[in-house]
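Notes follow once the structure below has been shown.
Model, not experiment: these values are computed from the prediction.
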Amino acid sequence: MLQKIKNIIDNGNSFLVTTHIDPDGDSVGSALSMCWMLEFLGKKAVLYMKDQIPYRYEFLPVPSSIRHGLPEESFDAIFVLDCGSLSRVGEGYEKIKTLGRIVNIDHHDTNEMFGEINLIDPNACSTAEIIYKLHSSLGVLLNYNMGINIYTAIITDTGSFRHGNTNSNAFLICEEMLRLGVSPSYVSGMVYESHPKERFRLFGIILTTLETYKEDTIAIACVTQEMFKKTGTSREHSEGFVELLKEIRGIEVVVLLREVNSNKYKASMRSKGNVDVAEVCGLLGGGGHKRAAGCTIDGSIDEVKGKIKEVFKI
Ligand code: AMP
Ligand code: MN
Ligand code: MN
């Protein structure tokens, strides 16, 4: 598969790189590092992300301009990164297929193999681990700009080496990135210690919605558009709260519901027990990893909670 991708890159000139909506560190870091690599090889790389880069990742070096509107032109190939399904690219995703051959690079267990070429490794800690291997097989000499993107992607997807997906490659690759000049304290400062105080006002309100079930093994909390408005925040300020709730002793599953509109909620689920939340989210039309998954559920808050309680037999 790596050889096939190498041939596509060697024989092409212009490429589109894209990733999922609600971008996280792995999606942003993998996509930016892929663009840096293509530019290093003298190719044209266009990055398309439906959403803006969240403020905490704005420090990452960006090679060329990012587009937030769907491109019109054709490309020699389209690299779709960190997406279990093509729909994760966001509204208008069907059009992407008409712009060029799809190369799907991902680490989700639930990947739908939507590409003409699918480079999927569910054992990889992050998509960035696969991108790192791609750099090596293409003979690209890694530099600081690629390194800091890869480092940030791995740190965030492994929860700073705490989640179950942390493997030896995560440490080995990050160690190499440090030798390229990446500073862990600089990255952590930007990603984890650069929040506006409004984020914490928001968290305070979210905590008042916390409910636990089944002898405190399942936690459900929610964030509404009203809460965002009241605190002057938006979705990006709520990233990471679901992981914080995992710190509750004895909790096995955390569900954070975020209101998209009055009849649609995005559920983020995390597991630290034996529950496979990718399977649970799969039942609700989403997917992800065993211990971190998501889905979008239609209905009012009570209906959505009802659907969640039903799948967990609460
Ligand atoms: P999140 O809760 O949005 O941080 O997502 C947790 C994990 O599940 C990530 O790996 C996402 O890529 C994946 N995921 C989130 N939402 C969906 C969805 N609607 N469909 C498939 N996978 C998802
Ligand atoms: Mn991701
Ligand atoms: Mn990922």
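Looking at Glu73 and Leu99, their side chains never come closer than 4.5 Å, going by heavy atoms from C-beta outward. By the 4.5 Å heavy-atom criterion applied to side chains, Ile5 and Ile105 are counted as neighbours.
A side-chain donor-acceptor contact under 3.5 Å links Thr110 to the backbone of Gly288. With hydrogens and angles ignored, the 3.5 Å screen pairs a side-chain donor or acceptor of Lys272 with a backbone N or O of Lys246. Although no hydrogens or angles enter the test, the distance criterion places a donor-acceptor pair under 3.5 Å between the side chain of Asn165 and the main chain of Cys125. Proximity of a side-chain donor or acceptor of Glu176 to a complementary backbone N or O of Ile173 within less than 3.5 Å is not detected. Formation of a donor-acceptor pair under 3.5 Å by the Ser30 side chain with backbone atoms of Ser27 is not found in this model. Of the possible donor and acceptor atoms, none in the side chain of Thr152 sits under 3.5 Å from a partner among the backbone N and O of Asn149. Not one N or O on the side chain of Asp106 forms a donor-acceptor pair closer than 3.5 Å with the backbone of Thr127. No donor-acceptor pair closer than 3.5 Å links the side chain of Tyr144 to the backbone N or O of Leu180. Looking at Asn118, its side chain never comes within 3.5 Å of a backbone N or O of Ile120 through a donor-acceptor pair. With hydrogens and angles disregarded, no donor-acceptor distance shorter than 3.5 Å links the side chain of Ser194 to the backbone of Val191.
Aromatic ring centres of Phe15 and Phe79: separated by under 6.0 Å. With ring centers used as reference points, His108 lies under 6.0 Å from His289.
The existence of a salt bridge linking Arg235 and Glu259 is excluded, since no basic side-chain nitrogen approaches an acidic carboxylate oxygen closer than 4.0 Å. Comment: Glu252 does not engage Lys214 in a salt bridge, judged by the lack of any side-chain N to carboxylate O separation of less than 4.0 angstrom. Salt bridge absent: Asp298 and Lys307 never bring a charged side-chain N and a carboxylate O closer than 4.0 Å. Comment: Glu39 does not engage Lys43 in a salt bridge, judged by the lack of any side-chain N to carboxylate O separation of less than 4.0 angstrom.
Checking His20 against Asp82 by side-chain atom types alone, a donor-acceptor pair falls below 3.5 Å. A donor-acceptor contact closer than 3.5 angstrom is absent between the side chains of Asp51 and His68. Glu129 and Asn167 form a side-chain donor-acceptor contact under 3.5 Å, judged by distance and modelled atom types alone. Using modelled atom types, one finds a donor on one side chain and an acceptor on the other under 3.5 Å when comparing Asn111 with Asn104.
Using cut-offs of 30° and 60° for the angle between ring planes, the Tyr55 and His195 rings count as perpendicular.
Annotation for Lys97: atom NZ does not count as buried by contact number, only 12 or fewer foreign heavy atoms lying within 6.0 Å. By the 6.0 Å contact criterion, CD on Glu279 is open, its count of non-hydrogen atoms from other residues, nucleotides or ligands being 12 or less. Within a 6.0 Å radius of CG in Asn274, no more than 12 heavy atoms belonging to other residues, nucleotides or ligands are found. Surrounding NZ of Lys264 are at most 12 heavy atoms belonging to other residues, nucleotides or ligands under 6.0 Å away. The environment of Glu310 atom CD is sparse: at most 12 non-hydrogen atoms of other residues, nucleotides or ligands sit within 6.0 angstrom. The 12-atom threshold is not exceeded at CD of Glu91, counting heavy atoms of other residues, nucleotides or ligands nearer than 6.0 Å. Counting heavy-atom neighbours within 6.0 Å of Glu215 CD, excluding the residue itself, gives a total of 12 or less.
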Please test Val80 against Thr19 for side chain to side chain contact (heavy atoms under 4.5 Å, CB included), starting from the C-alpha separation and ending with a verdict. CA-CA 6 Å; Val80 182; Thr19 185; over 6 Å; no
Show your working on salt bridge (charged side-chain N to carboxylate O under 4.0 Å, His left out) between Lys95 and Glu72 and close with a plain yes or no. CA-CA 9 Å; Lys95 190 180 162 198; Glu72 296 291 332; 3.2 Å; yes
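In terms of hydrophobic clustering, with Ile, Leu, Val, Met, Phe, Trp and Tyr side chains grouped at heavy-atom distances under 4.5 Å, Val277 and Leu245 are assigned to different clusters.
Across Ala128 and Ala153, no two heavy atoms sit closer than the pair CB-CB, 3.4 Å. Of all heavy-atom pairs spanning Arg199 and Thr233, the tightest one is N-CG2, 4.2 Å. Between Phe75 and Ser14, the closest heavy-atom pair is CD2-OG, 3.5 Å.
Just one residue in the list Leu256, Val255, Val253 forms a side chain to side chain contact (heavy atoms under 4.5 Å, CB included) with Ile220, and that residue is Val255.
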